[in-house]
2 protein chains.
Amino acid sequence: MSTPMIAILDDEPQIRRMLGEALAEAGFRTAIFSRATEFEAALKRTAPDVCLVDLGLPDRDGLALVHRLALESGAAIIIISGRAQVQDRVTGLELGADDYIIKPFDPAEVVARIRARLRKGRDAGGGATTARFENWSAHFDRYVLAAPDGREVPFSHAEGEVLRLFLQSPKRLISRAQMQESLGGAAGDSFDRAMDVRISRLRTKLDEDPRNPRLIKTIYGAGYIFLGDVSWS
Amino acid sequence: MSTPMIAILDDEPQIRRMLGEALAEAGFRTAIFSRATEFEAALKRTAPDVCLVDLGLPDRDGLALVHRLALESGAAIIIISGRAQVQDRVTGLELGADDYIIKPFDPAEVVARIRARLRKGRDAGGGATTARFENWSAHFDRYVLAAPDGREVPFSHAEGEVLRLFLQSPKRLISRAQMQESLGGAAGDSFDRAMDVRISRLRTKLDEDPRNPRLIKTIYGAGYIFLGDVSWS
DNA sequence: TCGCAATCCTTACGAATTGTTACATGGGGC
DNA sequence: GCCCCATGTAACAATTCGTAAGGATTGCGA
């Protein structure tokens, strides 16, 4: 499955254009239809990964179409509708839709929801699993750290918890108390020493100079701060 | 999967009660938590099918929690939030959430969206009997494993249970407690040693190098993780 | 019912990882 | 400069995990 294919079915030209542009920009292939008959004919030739269907179609009952799609097609189905009542949403979802977006909508949210559907459908590798920072990359699915020189350093679960905490809020102070809370340690006890050791081990794996750490900086009496630009993917 | 288990994490008693009643009435099992630490502790023992998470938690950054769940748990994640901005929804979904519901909400819609998530989850590997991964294939109808070189290796029922668990949630951390629960073992007992043995046998059948397993990786103190892309048929 | 075989659990011991202790280092107030 | 306390880290202890070997259980056929 190279680039996912998104099918759009809507009778309003404006919305077709808006969605088409947003999805193309997001890197999807698109197939755009204004009438249900064309749409169904196309489905027999190629199977899209996600179908965006407007319920307010002039030439066919939208809900019936959704139901048929849900039964026969393997695609994820996202309803787009002007009908905002809870009952409408419930019946749409019960009939087999995977999501229900209300007009007017923001294209960015549509893209995000499509991505969410594709994630689940493709394989179970959910969310962003790797973080990149300063020529390093941390792969949380494999528990491996890739150094700038290409070397791979495995890290343990304990180290990973600390690392993830840092990478989730870089350039922000993380107090020791916050860490203990997040790492499930009972406060007060001598667990704080264990945390120091975790950080120490993490630092050696990150090739930090103990005298002058560049990534994990200690703020005396307050906590730690992770410098470095982080991007998740 | 008998009756699905829904975990709820919210700090407002009112909402906890409302959701709890609605989900119980809809026929789900529920596990309700008011604080993130309790919630995380429970996750180590048992794996819910869907997690409803409120972002406005007092004791933890909700988005970080969602991200962690997306990385480590196989459950579908539905965010419930009072923050209604499009940007909030997009970041929530990008971090790995499967859906985003805005307060105030109607319990009926929550139930409908949960059902939509469960539907998709079940489709993946529901009636399928064969799983393919990394040039291997596991035939659960015949209790046979086909190696990349064509050799056929039979596996027992006990081994199959473990293998199925892995193949149903690949690239996800599976804690030992969750395994025991899934495999019907009594907790705390010396049954955990039996699990090790099962996995050990499975590893030898999968031709794993004991020093450097490529498929079934041990996360010391946390559980196991199955690497490798899986597709069911 | 008995015996046989296959499977599975339990035990035991070695190996790997993590928490703990102890001591060294360095920062900050006086 | 001196003292106190927070932090770094090496060395040790405790815990967790891998797996070989032996015993218990189950299922099957006679």
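Lettering of chains follows the sequences in order, A, B, ..., and the numbering in each one begins at 1. Model, not experiment: these values are computed from the prediction.
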Atom pairs, protein N/O to nucleotides 25-29 of chain D N/O, distance under 3.5 Å:
none

**Q.** Any B:P170 side-chain heavy atom under 4.5 Å of B:L227 side chain
**A.** no
Q. Hey, does the side chain of B:R201 come within less than 4.0 Å of C:dC8's phosphate (OP1/OP2), counting only N and O?
A. no
**Q.** Rounded to 10 degrees, the angle between the two terminal axes of the helix from C:dT1-D:dA30 to C:dC30-D:dG1, each from five pairs
**A.** 30°
(Q) Can you list everything that forms a side chain to side chain contact (heavy atoms under 4.5 Å, CB included) with B:P213? Sequence neighbours excluded, please. (A) B:R203, B:E208
Q. For B:R214, which residues count as a side-chain hydrogen bond (donor to acceptor under 3.5 Å, both in side chains) partner, sequence neighbours excluded?
A. none
Q. Nearest 0.5 Å, what's the CG-CD distance between B:L43 and B:E38?
A. 12.0 Å
Q: Calculate the interatomic distance between A:L202 atom CG and C:dG19 atom P; express it in whole Å.
A: 13 Å
(Q) Quick check: B:F140 with B:F155 (ring centres under 6.0 Å apart)? (A) yes
Q) Of all the nucleotides listed (D:dG18, D:dT9, C:dG19), which has the minimum atom distance to the side chain of A:A158? A) C:dG19
Q | Base of D:dG8 paired with side chain of A:R193 (donor-acceptor, under 3.5 Å) | A | yes
(Q) What contact category does B:F155 fall into here, base, sugar-phosphate, or nothing, at under 4.0 angstrom with non-hydrogen atoms? (A) nothing
Q.
Suppose we screen for side-chain hydrogen bond (donor to acceptor under 3.5 Å, both in side chains). Which residues come up paired with B:R132, at least two apart in sequence or across chains?
A. none
Q: Take atom CD1 of B:I199 and atom P of D:dC17, then tell me their distance rounded to the nearest Å.
A: 10 Å
Output a table of donor-acceptor pairs, distance under 3.5 Å, between side-chain atoms of residues 12-25 of chain B and any protein atom two or more places apart or on a different chain; print 'none' if there are none.
from  : atom 1 : to     : atom 2 : distance (Å)
B:E12 : OE2    : B:K103 : NZ     : 2.9
B:R16 : NH1    : B:D10  : O      : 2.9
B:R16 : NH1    : B:D11  : O      : 3.3

Q: Ignoring backbone atoms, establish whether A:T218 has a side-chain N or O less than 4.0 Å from OP1 or OP2 of D:dG8.
A: yes
**Q.** Among D:dT19, C:dT10, D:dT9, the nucleotide that comes nearest once only the side chain of B:P210 is considered
**A.** D:dT19
Q: Send over the distance from B:K205 NZ to C:dT7 P, rounded to a whole Å.
A: 7 Å
Q.
Taking any heavy-atom pair under 4.0 Å as a contact, classify B:R203: base, sugar-phosphate, or nothing.
A. sugar-phosphate
(Q) Of the options C:dC9, D:dC17, C:dG19, whose atoms approach the side-chain atoms of B:D196 most closely? (A) D:dC17
Q) Rounded to whole angstroms, how far apart are CE on B:M195 and P on C:dT11? A) 16 Å
Q | Counterpart residues, side-chain hydrogen bond (donor to acceptor under 3.5 Å, both in side chains), relative to A:Q168 (two or more places apart) | A | B:H67
Q.
Can you tell whether the side chains of B:D99 and A:R113 come within less than 4.0 Å, N to carboxylate O?
A. yes
Q. In whole angstroms, how far is the C1' atom of D:dT9 from the CD1 atom of A:I216?
A. 15 Å
Q. Which of the following nucleotides, D:dG18, C:dT21, D:dG8, is nearest to the side chain of A:V197?
A. C:dT21
Q: Quick one: list whatever passes side-chain hydrogen bond (donor to acceptor under 3.5 Å, both in side chains) with B:S137, sequence neighbours left out.
A: B:H139
Q. Whole Å only: how far is the CE atom of B:M179 from the P atom of D:dT16?
A. 17 Å
Q. Relative to the 5' end of DNA chain C, which residue comes earlier, A:E159 or B:E159, by the nucleotide with the nearest heavy atom?
A. B:E159
**Q.** Partner set under side chain to side chain contact (heavy atoms under 4.5 Å, CB included) for B:R29, not counting sequence neighbours
**A.** B:T3, B:M5
Q. Within the structure, does a side-chain N or O atom of B:Y143 lie under 4.0 Å from either OP1 or OP2 of C:dA6?
A. no
Q) Excluding sequence neighbours, so at least two apart, what forms side chain to side chain contact (heavy atoms under 4.5 Å, CB included) with B:S200? A) none
Between protein and nucleotides 15-17 of chain C, what N or O pairs are separated by less than 3.5 Å?
from   : atom 1 : to     : atom 2 : distance (Å)
C:dA16 : OP1    : B:R211 : NH2    : 3.2
C:dT17 : O2     : B:Y220 : OH     : 3.3

Q) In whole angstroms, how far is the C1' atom of D:dC17 from the CZ atom of B:R198? A) 17 Å
Q. C:dC8 C1' sits how many Å from B:D192 CG, rounded?
A. 15 Å
Q. Tell me, which pairs form a side chain to side chain donor-acceptor pair (under 3.5 Å) where one or both residues lie in residues 141-154 of chain A, sequence neighbours left out?
A. A:Y143-A:H157, A:D149-A:R151, A:R151-A:D207
